[in-house]
Protein chains: 4
Amino acid sequence: MAGRPRSEEARRAILEAALALVERDGYQDVTLKGIAEAAGTGRQTLYRWWQSKAEVLLEAIAELVGPELQPPPESGDPHADLVAFLEETFGAAHGVAGRVVVGLMADAQADEKFAAELRARLIGPRRQALRTVLARGALPADLDLDLAVDVVFGAMWYRLLNRHAEVDEKLAREIAGLLGRIR
Amino acid sequence: MAGRPRSEEARRAILEAALALVERDGYQDVTLKGIAEAAGTGRQTLYRWWQSKAEVLLEAIAELVGPELQPPPESGDPHADLVAFLEETFGAAHGVAGRVVVGLMADAQADEKFAAELRARLIGPRRQALRTVLARGALPADLDLDLAVDVVFGAMWYRLLNRHAEVDEKLAREIAGLLGRIR
Amino acid sequence: MAGRPRSEEARRAILEAALALVERDGYQDVTLKGIAEAAGTGRQTLYRWWQSKAEVLLEAIAELVGPELQPPPESGDPHADLVAFLEETFGAAHGVAGRVVVGLMADAQADEKFAAELRARLIGPRRQALRTVLARGALPADLDLDLAVDVVFGAMWYRLLNRHAEVDEKLAREIAGLLGRIR
Amino acid sequence: MAGRPRSEEARRAILEAALALVERDGYQDVTLKGIAEAAGTGRQTLYRWWQSKAEVLLEAIAELVGPELQPPPESGDPHADLVAFLEETFGAAHGVAGRVVVGLMADAQADEKFAAELRARLIGPRRQALRTVLARGALPADLDLDLAVDVVFGAMWYRLLNRHAEVDEKLAREIAGLLGRIR
DNA sequence: CATTAAACGAGACGGTACGTCATGTCTTTGA
DNA sequence: TCAAAGACATGACGTACCGTCTCGTTTAATG
């Protein structure tokens, strides 16, 4: 038998409601119950298609920032490419996207299965993009690229989570400058 | 007037039970109710002295790693000092301490007041210790020390949270090596 | 839309468990938590449909003694009717029903809203039934029937609460006898 | 050896605070903790001298209405004596005394030991006083005096607890009138 | 007059019920 | 067969009071 097809309308209402609630209440105060009510949807519809709040928001954020996961076009100046890429990346860390992504990382600590999904769909591709940009010549050829990626995104995440300093264009330039001084 | 003094026995039972439960069930599955039961203590005793699970575990972990928050003695070789410090720090990130500290960071995302406490009692002192070690000559004099700290601890936190790679002695040597190549 | 219908099974399990617990532990030692556990039901299900322990037990007792709230068939002998009615009423005051009804009256002292409900669903109808029986000719026509009701049920309640004497068939005959001597 | 004598000041502060709290919050919302705080006394002082809230309030009310427990002087007119006694008794049922006494009766349902104490110190003497007044000739000589007492005080208690009608001078006259019509 | 012992206030202790909340499941009717 | 609605069992939350237990202090009577 065929059955009623999945409602695309309900799906979009849920993803939009989820993001709106994060914006209004903060990631941790969002509940699946609250999302269902805000989306005007049944609770079972949420549980049918997603495992948890984190999965809902991972899908929502993936749709939101999907296109940005590609490395930027090559300009010829490796250092300029790196600065541009970091400025764009760090800029995206503000607003809802930042709040969601930090919340997802927090939730991932409780659930290794979701953590793997988060790495596969969001973190990994972004790492790959940075790797591509770094490989254009901004670093000595013998330097471990993965270590460099850890250092760059590490600083970003550390600041995002610990909030002891801003994640902004200044940081982008400083990190790029630091990498440029490596011999 | 005086009143019955706080029970040091209950306090220690609670902190020990909290750590034991994190070890057994993982940070997120620990509840205040569970801690009280495991410690053989009343629930109100927990609420009397701590605001949340995170505060209990912050105190527990602070007592556990308290002494390590001091910078190591100066050996004369700045690079060796740095490697030694990082090896010790990264080593401590395994076991309960690591699970707790990652959980605390996750919880801090939901509660800015607690985040400030976490920075003040745990993260800040550790940053200061690294700063002291770095200032012994492992870096060019004009490099921003705070940025270097962000880069080093950033890489550590990024790996701890995202779990795409180990936080171990190898990382300690690689990071120290990378810093040593900065001109 | 529809929603899942209320579970009649849960409702009956709760009312039966409540009565059983009163029988076992006494009215005052019954708790909503205990009722839920004994009924194998969620605590929220209790709070969804009732405001308090008293309301649960009022409904339970109302189902138990519901049919008795009607005045008995007229035999032709007003005095015999009265004695029969009182014997039946006073007999029902023993066992669970008596313990529950006394507990309800005690709880009603703390909650005027519930007191009104108790009057409407239990006390009032019983008063009306006695009034009907008394009106059949057991009393002088000019006597205030409500006062007579107060006197009859007052003696019963006084003994039930104060427990200085039994509420039994002997009392039924004595009260009826006293009323019969009024000129 | 001797030890410090019991503080009469603390005792009076407790009894007064208890009555004041009943007046302000109602019997059921008064707690031993609240009484201790309002009296400026330690909690242990309460538990040292009384078993429960009910015992505290029984002592408080006993001091308040103690003198009234005696039958009034004989005037020569039995019916007038009865009316006067009932008017005074029913009048005292208003105000704090009424609220306390109803609360005590409710609590007595849960605790037979306290119920016995209540009967011995408050209810019994009052019954005896009414008995004395009734014995002055307001009733036919062969009528059971205890039954008459049950009927009179029963009506009072029934109205006090069920609150379907007032306990006032009108009731006093009506009850006395009803008794007067018994042959 | 020093000692002693009990009562005092304060307040923390282990318990336990309260009423609320979110979870994830189940059961209806309607599309 | 999916959707919305909403009841279900479960279990943690934070609060309140219970009755008990130290504390340090105060207050007579005793030796």
Side-chain angles (χ1 to χ4, degrees), chain A residues 1-7 9-11 13 29-37 39-49 51-53, chain B residues 1-11 13 29-37 39-49 51-53, chain C residues 1-11 13 29-37 39-49 51-53, chain D residues 1-11 13 29-37 39-53:
Chain A
M1 291 269 165
R4 178 173 175 175
R6 175 173 182 182
S7 161
E9 192 184 349
R11 181 178 157 276
D29 285 354
V30 173
T31 66
L32 283 174
K33 192 169 180 266
I35 294 173
E37 279 165 11
T41 201
R43 216 124 71 79
Q44 198 61 26
T45 301
L46 270 161
Y47 286 103
R48 189 160 18 239
W49 303 112
Q51 307 281 346
S52 63
K53 169 175 77 169
Chain B
M1 292 268 168
R4 181 175 177 171
R6 177 172 181 181
S7 162
E8 176 63 19
E9 193 182 352
R11 181 180 156 274
D29 285 355
V30 172
T31 66
L32 284 174
K33 191 169 182 272
I35 294 173
E37 279 165 11
T41 203
R43 214 129 64 79
Q44 198 61 29
T45 299
L46 272 160
Y47 287 104
R48 186 162 20 240
W49 301 111
Q51 308 279 346
S52 64
K53 169 175 74 167
Chain C
M1 293 269 164
R4 180 175 179 171
R6 177 173 180 180
S7 162
E8 176 61 20
E9 193 184 348
R11 180 179 156 276
D29 285 356
V30 173
T31 66
L32 284 174
K33 189 168 184 268
I35 294 173
E37 280 165 9
T41 202
R43 215 127 64 82
Q44 198 62 27
T45 299
L46 273 160
Y47 286 104
R48 183 159 27 239
W49 301 111
Q51 307 279 346
S52 62
K53 170 175 72 167
Chain D
M1 290 275 161
R4 178 176 178 173
R6 176 173 182 181
S7 161
E8 176 61 19
E9 192 184 351
R11 180 179 157 275
D29 286 355
V30 173
T31 66
L32 284 173
K33 192 171 181 266
I35 294 173
E37 278 166 10
T41 202
R43 217 124 70 79
Q44 198 62 21
T45 299
L46 270 160
Y47 285 102
R48 189 165 13 241
W49 304 110
W50 295 279
Q51 307 279 346
S52 63
K53 169 174 76 167

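Each chain gets a letter, A, B and so on, in the order the sequences are listed, and its residues count up from 1.
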Where the side chain of [X] is concerned, which of [options] is the nearest nucleotide?
X	options	result
B:Ser7	E:dC13, F:dT20, E:dT23	E:dC13
C:Trp49	E:dT28, F:dA3, F:dA7	F:dA7
C:Lys33	E:dA17, F:dA28, F:dG14	E:dA17

Set of residues satisfying side chain to side chain contact (heavy atoms under 4.5 Å, CB included) with respect to B:Arg4, sequence neighbours excluded: none
For A:Arg43, side-chain hydrogen bond (donor to acceptor under 3.5 Å, both in side chains) partners two or more places apart: none
Pairwise 5' ranking along DNA chain E for D:Arg4 and B:Thr41, keeping only the more 5' one: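 By nearest-heavy-atom nucleotide position, the 5'-most residue is D:Arg4.
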Mind calculating the distance between [atom1] ([X]) and [atom2] ([N]) to the nearest angstrom?
X	N	atom1	atom2	value
B:Leu46	E:dA12	CG	C1'	13 Å
B:Arg11	E:dG14	CZ	C1'	19 Å
B:Asp29	F:dG11	CG	P	13 Å
D:Glu9	F:dT27	CD	P	10 Å
B:Tyr47	F:dA12	OH	P	11 Å
B:Glu8	E:dA12	CD	P	15 Å
D:Leu32	F:dA16	CG	C1'	13 Å
A:Arg6	F:dA4	CZ	C1'	16 Å

Side-chain N,O (C:Thr45) to OP1/OP2 (F:dA7) below 4.0 Å: no
A:Arg43 vs A:Arg48, nearer the 5' end of DNA chain F by closest nucleotide: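 Taking each residue's closest nucleotide, the earlier one in sequence belongs to A:Arg48.
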Upstream residue (5' side of DNA chain F) when B:Gln44 and A:Ala39 are each assigned their closest nucleotide: A:Ala39
Side-chain heavy-atom pair C:Lys53, C:Val30 within 4.5 angstrom cut-off: yes
Close side-chain approach of A:Arg6 to A:Trp49, heavy-atom, < 4.5 Å: yes
Chi angles and distances behind the side-chain contact (heavy atoms from CB on, under 4.5 Å) call for B:Tyr47, B:Leu32: CA-CA 9 Å; B:Tyr47 287 104; B:Leu32 284 174; 3.8 Å; yes
Touch class at under 4.0 angstrom, heavy-atom based, for A:Gly34 against every strand present: nothing
